[in-house]
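Computation of the quantities below employed the complete heavy-atom set of this structure, encompassing side-chain atoms and omitting hydrogens, waters and symmetry-equivalent molecules. Within every chain, numbering begins at 1; the chains are lettered A, B, ... in the order of the sequence lines, protein sequences first and strands thereafter. Computed from a predicted structure; not experimentally measured.
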Amino acid sequence: MAVTDPVTGAAEAVLAPSPAARMRGRAFGHAGFVLGAVILIGIFAMALLAPMVAPHDPFDQVLDRKLIPPVWFDSAKATWEHPLGTDQLGRDYLSRLLYGARISLLIGFAAMLISMVIGTAIGVAGGYFGGRVDMVCNFIITTRLSLPVVLVAIAVVSLVGSSLSVVIWVLGLLIWDRFAVVMRAATMQLRGRDFVTAAEAIGCSRARIILSEIMPNVMNSLIVVATVEMAHAILLEAALSFLGLGVQPPEPSWGLMISEAKGLMFFDGWLIAIPGAALFLLVLSINLLGDGLRDVTAPENRS
Amino acid sequence: MLAYLLRRLGVAVLVALTVSLITFSMIYLSGDPAVALAGESATEEDIESIRRYYGYDRPILVQYLDWLGRALTGDFGQSHYLKAPVAEVIFERLPTTMLLGACALTFALVLSIPLGVLAAIRPNSLIDRLALTIAVIGQAMPSFWFALTMVLWFGITWRLLPITGSDSWANFVMPSIALGYYVTPAVMRLTRAGMLDVLATDYIRTARAKGLRPHTVLFKHALRNAIIPVVSLAAVQFGFMLGGSIVIETIFAINGLGYLAWESIQRADLPMMQAIVLVLSVFYILLTFLADMLNAWLDPRLRTA
């Protein structure tokens with residue numbers, strides 16, 4: 001904010017920076033946070049602008065242009081027309097990669113949202129009400145944890161039939177456990193605090209206490225878990241698609257691209273290196289952002 | 001201790017029953033299991049006879065109790081595809097997956113505990129930063145991509161290790177690393193955090209003040225307490241690895257439970273799928289139960305919690 005008036009400028013210099021401003025300062029000083037944010041914004045922008053920046057149609061098969069290597073390869077076939085080359089069906093790899101970012105981000109975000117709603121409801125209910133309610137919530141969490149995620153996910157997807165929304169729902173219904181565990185612990189810590197007791201004493205309804213006293217105070221942990229789970233969901237989608245039980249061809253999911261190129265990887269290693277590196281970068285950026293947020297929002301926990 | 005053990009055991013049995021109910025209802029997700037089994041070209045009579053043969057015509061509750069009762073005696077029915085008892089096939093494959101899980105866990109612990117301890121001794125040093133980097137990279141790498149990259153380098157380019165099969169120890173090197181690497185960050189972080197907490201306590205200061213040798217303080221006093229939470233994490237992670245080995249086993253064609261699960265899903269072999277999910281879940285429940293008991297024994301404070 002540009003300060004033009006000398007009087008307010010002097011007043012602001014005297015006043016200490018607000019907690020929010022200090023948090024912003026820490027965020028911009030945190031190398032991991034900045035790096036993660038920059039990469040994630042870059043990938044998000046590419047996904048959003050894919051129809052405009054993609055040089056070709058990601059589904060367009062040109063059979064006499066199969067397996068052109070990326071431009072940095074010392075090959076006569078390499079051309080700037082296909083900067084990342086073409087796949088075994090002659091589809092432009094860069095365009096598929098750009099459209100694949102949409103699938104990863106969409107599935108990761110949607111599955112994370114579903115699991116956030118379920119996990120937060122279970123965790124906050126258990127943590128706030130305690131006693132029998134907590135016993136039931138804890139039981140539900142334990143049961144969910146004992147089911148093997150990948151196995152149940154592929155079994156369900158194979159039985160229900162695979163589509164984008166099925167993958168999102170199956171993942172969302174399976175990975176809420178961390179939300180529940182963290183929210184339960186965070187709510188328990190707040191339950192006995194004075195401001196909650198005060199709200200109870202003046203007769204606030206439980207819904208109001210949970211929504212306006214508990215939730216704002218667990219928001220930081222919630223956002224950190226959200227980043228972890230979004231990264232988790234993206235990796236699971238890739239693994240599911242790699243096993244052939246996630247996103248179906250011809251959609252350009254990064255996991256599916258690796259799976260389709262598996263048979264050719266001994267001759268053209270870049271076919272799996274490129275989508276793999278893209279997955280790695282996306283998950284890395286989300287994790288860096290999450291770690292950064294944890295440090296920035298709770299500096300007292302930094303060790 | 002006995003009261004804690006009994007209460008914990010009761011919860012474990014209840015969880016196992018709930019899991020069995022979920023596993024059982026899984027086959028009804030596709031609608032009618034008889035139709036799924038009969039295939040596309042089946043006539044109405046074929047479906048009806050399959051329904052009667054496998055008992056899908058009975059009330060669901062009767063089917064569940066019958067299935068559960070048999071499962072408790074170790075009878076999971078016949079595999080639709082292999083025409084062999086499910087239990088027999090599973091217990092033939094189970095040791096391979098257990099071995100893979102044990103190797104992967106060993107790899108993960110051997111890598112992560114020393115790194116975690118070193119990082120805690122010198123926080124913010126070069127080693128600490130290196131450990132953190134390994135953790136961050138490990139968490140971001142898709143395990144199947146890491147496995148394929150290893151196959152490409154160690155198997156094809158340098159021809160150091162066999163890329164498929166499960167016959168010799170060399171076959172287990174790459175799969176164990178691929179499966180175990182994903183676990184290392186969590187174990188390392190927990191070891192580091194535990195060590196940092198313990199090293200700041202009064203009794204460590206006392207031990208140092210009375211002149212004990214640094215590595216006696218470190219290993220006999222500090223690590224023994226810091227390792228307690230790592231025990232239960234390792235048990236939990238071992239359970240996750242058995243469930244997650246499906247991806248790694250299919251890549252390396254290891255004849256374990258994960259590969260069997262993948263094959264069974266391809267073949268729509270419902271009893272086999274049910275049994276694998278149930279066996280792995282019950283194994284996980286057993287593992288966490290044992291880990292809790294071990295923890296309560298190591299740290300009496302937990303028993304009253």
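- Comparing B:Ile251, B:Thr250, B:Leu148, B:Ile276 by how many heavy-atom pairs each has under 4.5 Å with chain A, the most go to B:Leu148.
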Residue pair A:Arg184, A:Asp177: steps toward the salt bridge (charged side-chain N to carboxylate O under 4.0 Å, His left out) verdict: CA-CA 10 Å; A:Arg184 178 171 169 265; A:Asp177 48 278; over 6 Å; no
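- Chosen from B:Val236, B:Ile22, B:Leu270, B:Leu14, the residue pairing most often with chain A at heavy-atom distances under 4.5 Å is B:Leu14.
- With a 4.5 angstrom heavy-atom cutoff, A:Phe242 touches chain B only via side-chain atoms.
- For B:Met273, the part sitting under 4.5 Å from any heavy atom of chain A is the side chain, from C-beta outward, and nothing else.
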Residues B:Leu68, B:Leu17; criterion side-chain contact (heavy atoms from CB on, under 4.5 Å); working and verdict: CA-CA 9 Å; B:Leu68 184 67; B:Leu17 282 174; 3.8 Å; yes
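- Between A:Asp291 and B:Arg189, at least one side-chain nitrogen of the basic residue sits less than 4.0 Å from a carboxylate oxygen of the acidic one, meeting the salt-bridge criterion.
- A donor-acceptor pair under 3.5 Å links the side-chain atoms of A:Arg144 to the main chain of A:Leu147, judged by distance alone.
- Two residues are said to be in side-chain contact when any heavy atoms from C-beta on lie closer than 4.5 Å; A:Val156 and A:Val166 fail this criterion.
- Heavy atoms closer than 4.5 Å to chain B are found nowhere in A:Ala231, neither backbone nor side chain.
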Criterion side chain to side chain donor-acceptor pair (under 3.5 Å) on B:Thr97 and B:Glu249, from CA distance to verdict: CA-CA 8 Å; B:Thr97 298; B:Glu249 284 185 22; 2.9 Å; yes
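- Your options are A:Ile234, A:Leu235, A:Val150, and the one with the most heavy-atom pairs under 4.5 Å with chain B is A:Leu235.
- Of residues 275-288 of chain A, those residues with a non-hydrogen atom less than 4.5 Å from any non-hydrogen atom of chain B are, in numerical order, A:Gly276, A:Ala277, A:Leu279, A:Phe280, A:Val283, A:Leu284, A:Asn287, A:Leu288.
- A:Lys262 forms no cation-pi arrangement with B:Phe144, by the criterion of a distance under 6.0 Å to the ring centre and an angle within 45° of the ring axis.
- Residue contact with chain A, scored on non-hydrogen atoms closer than 4.5 Å, involves the backbone and the side chain of B:Ile137 alike.
- Taking the six-membered ring where the residue is Trp, A:Phe33 and A:His30 present perpendicular rings, their angle passing 60° and hence far from 30°.
- Neither the backbone nor the side chain of B:Leu242 comes within less than 4.5 Å of any heavy atom of chain A.
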A:Gln248 and A:Ser162: CA distance, side-chain angles, deciding distance, side chain to side chain donor-acceptor pair (under 3.5 Å) verdict: CA-CA 7 Å; A:Gln248 294 300 306; A:Ser162 175; 3.2 Å; yes
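- Using a cut-off of 4.0 Å between Lys/Arg side-chain N and Asp/Glu carboxylate O, B:Arg122 and B:Asp128 are scored as not salt-bridged.
- In terms of heavy-atom pairs under 4.5 angstrom with chain B, the leader among A:Val152, A:Leu151, A:Val228, A:Thr142 is A:Leu151.
- Listed options B:Ala261, B:Ala140, B:Gly243 were ranked by heavy-atom pairs under 4.5 angstrom with chain A; first place goes to B:Ala140.
- Taking the six-membered ring where tryptophan is involved, the planes of B:Trp158 and B:Trp153 are tilted, since the angle between them lies from 30° to 60°.
- Of the atoms belonging to B:Leu278, not a single heavy atom falls under 4.5 Å from chain A.
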